[in-house]
2 protein chains.
Amino acid sequence: MLSSACQDTIRAAVWLSTKPQDEYHHIQAISEALNLPYHFLAKSLQTLVRCNILVSRRGANGGVKLAKASSDITLISLIDAVDGSTFFDACILGIGDCEDEKPCALHAQWEKWRTEMHEMYCAMRLDEITDDVLLRKIKRL
Amino acid sequence: MLSSACQDTIRAAVWLSTKPQDEYHHIQAISEALNLPYHFLAKSLQTLVRCNILVSRRGANGGVKLAKASSDITLISLIDAVDGSTFFDACILGIGDCEDEKPCALHAQWEKWRTEMHEMYCAMRLDEITDDVLLRKIKRL
DNA sequence: ATTATTTAAGATTTTTTAATCTTAAATAGG
DNA sequence: CCTATTTAAGATTAAAAAATCTTAAATAAT
């Protein structure tokens with residue numbers, strides 16, 4: 001559903017949202033805390049920086065931090081940034097042209113779920129994902 | 001959501017369901033009709049044969065046919081056969097242990113959709129997918 | 001029986017995704 | 001200014017998924 005790069009960035013963003021917003025944190029530290037591959041994570045986070053979701057600073061005492069309050073960061077913005085917005089477009093059976101006039105047998109139902117999912121991702125913000133329980137679970141296993 | 005091998009087998013099964021059930025059809029013919037890679041398709045269809053969803057015959061005038069009426073073949077049986085049954089188990093965020101006592105913020109909603117999807121795949125049978133409209137659309141693009 | 005045909009099965013190659021490595025650029029602190 | 005540190009960026013490698021190739025086994029027709 002979501003690429004592992006995308007899941008990693010969500011984990012990292014959730015982790016960052018539990019820290020004071022003005023604090024820079026080393027990508028290395030995030031990578032270790034969540035057991036995510038450093039260079040792979042760094043690459044995804046760079047994408048978030050370019051999308052103005054994160055702010056980064058190079059050099060000693062550098063790192064990354066959220067560019068805005070966690071309550072202003074939607075899940076869909078992370079997904080769009082890393083995976084692109086083409087995830088909710090495909091037919092559930094992989095059959096082409098399902099969007100057009102004549103749908104496949106599953107189309108109407110899938111369309112309904114797809115819309116609901118998209119709305120959920122749009123509505124859900126980082127601060128809603130974050131709680132003590134989740135924090136014990138966002139590490140990669 | 002579904003692997004391309006799985007989508008291919010669904011396409012092929014739908015195509016077969018439009019033919020007389022006792023007719024053998026060459027995998028080559030299916031591959032050409034639906035624009036699916038021959039050897040890749042053949043491999044997936046062999047899986048269906050082993051699961052007794054298809055019957056095959058080697059040699060001249062050989063081919064494959066449905067092992068039972070298309071109204072007795074559920075979508076979930078194809079998916080389980082090709083992709084295995086682990087597709088509906090994962091957390092939507094990729095966070096581990098989401099099944100257990102303490103779920104992630106999206107868990108309850110995702111669980112609901114997942115259950116509904118699974119039920120839809122269980123209920124949907126080949127003959128329901130097949131109609132004139134769909135047949136014009138099941139070719140790979 | 002022999003031959004052409006076709007599925008079966010495993011090996012190989014290609015493509016995509018994931019992960020790592022290397023070097024450059026920037027920054028803070030001494 | 002110099003150095004250690006850290007992100008940035010592109011190259012490389014590894015792993016997984018998709019696709020192809022090759023050979024074997026089975027079958028029908030001649």
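We name chains A, B, ... by the order of the sequence lines, and we start the count at 1 in each one. Reckoned from all heavy atoms, side chains included, excluding hydrogens, waters and symmetry mates.
Evaluation of the side chain to side chain donor-acceptor pair (under 3.5 Å) rule for A:Ser31 yields no partner, not counting sequence neighbours. Here B:Glu32 pairs with B:Gln28 under the side chain to side chain donor-acceptor pair (under 3.5 Å) rule; sequence neighbours left out. Residues satisfying the side-chain contact (heavy atoms from CB on, under 4.5 Å) test with A:Glu116, not counting sequence neighbours, are A:Lys112, A:Trp113, B:Trp113. By the side chain to side chain donor-acceptor pair (under 3.5 Å) test, A:Ser17 is found to be paired with A:Thr130, residues two or more places apart in sequence or in another chain being considered. With sequence neighbours left out, B:Asn35 forms a side-chain contact (heavy atoms from CB on, under 4.5 Å) with B:Lys139, B:Arg140. A search for side-chain contact (heavy atoms from CB on, under 4.5 Å) contacts involving A:Arg58 returns nothing, not counting sequence neighbours. Residues satisfying the salt bridge (charged side-chain N to carboxylate O under 4.0 Å, His left out) test with B:Glu23, not counting sequence neighbours, are none. Residues satisfying the side chain to side chain donor-acceptor pair (under 3.5 Å) test with A:Gln21, not counting sequence neighbours, are none.
Cluster note: A:Tyr24 groups with A:Val55 through ILVMFWY side-chain heavy atoms spaced under 4.5 Å, whether in direct contact or through intervening members.
Looking at which nucleotide of DNA chain C each of B:Val64 and A:Pro37 is closest to, the 5′-most match is held by B:Val64. Checking A:Lys43 against B:His25, the closest nucleotide of DNA chain C that is more toward the 5' end is the one next to B:His25.
The CG-P distance, from A:Leu41 to C:dT20, rounds to 11 Å in whole Å. Remark: P of C:dT20 and CD of A:Gln28 are 11 Å apart, rounded to the nearest angstrom.
Residue contacts for B:His26: at a heavy-atom cut-off of 4.0 Å it reaches the sugar-phosphate backbone alone, with no base atom in range.
Using a 4.0 Å cutoff to heavy atoms of chain B, the contacted part of DNA chain D runs 5' to 3' from D:dA18 to D:dA29.
Of the residues in residues 44-52 of chain A, not one places a heavy atom less than 4.0 Å from an atom of DNA chain C.
Remark: the A:Ser3 side chain and the A:Asp83 side chain contain an N/O donor-acceptor pair separated by less than 3.5 Å.
A donor-acceptor pair under 3.5 Å is absent between the side-chain atoms of A:Ser77 and the main chain of A:Ile73, judged by distance alone.
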Extract from the structure each pairing of a protein N or O with an N or O of nucleotides 26-30 of chain C at less than 3.5 Å, listing the distance.
unit_1	atom_1	unit_2	atom_2	d
C:dA26	O4'	A:Arg58	NH1	3.0
C:dT27	O4'	A:Arg58	O	3.4
C:dT27	O2	A:Ala60	N	3.3
C:dA28	O3'	A:Asn61	ND2	3.4

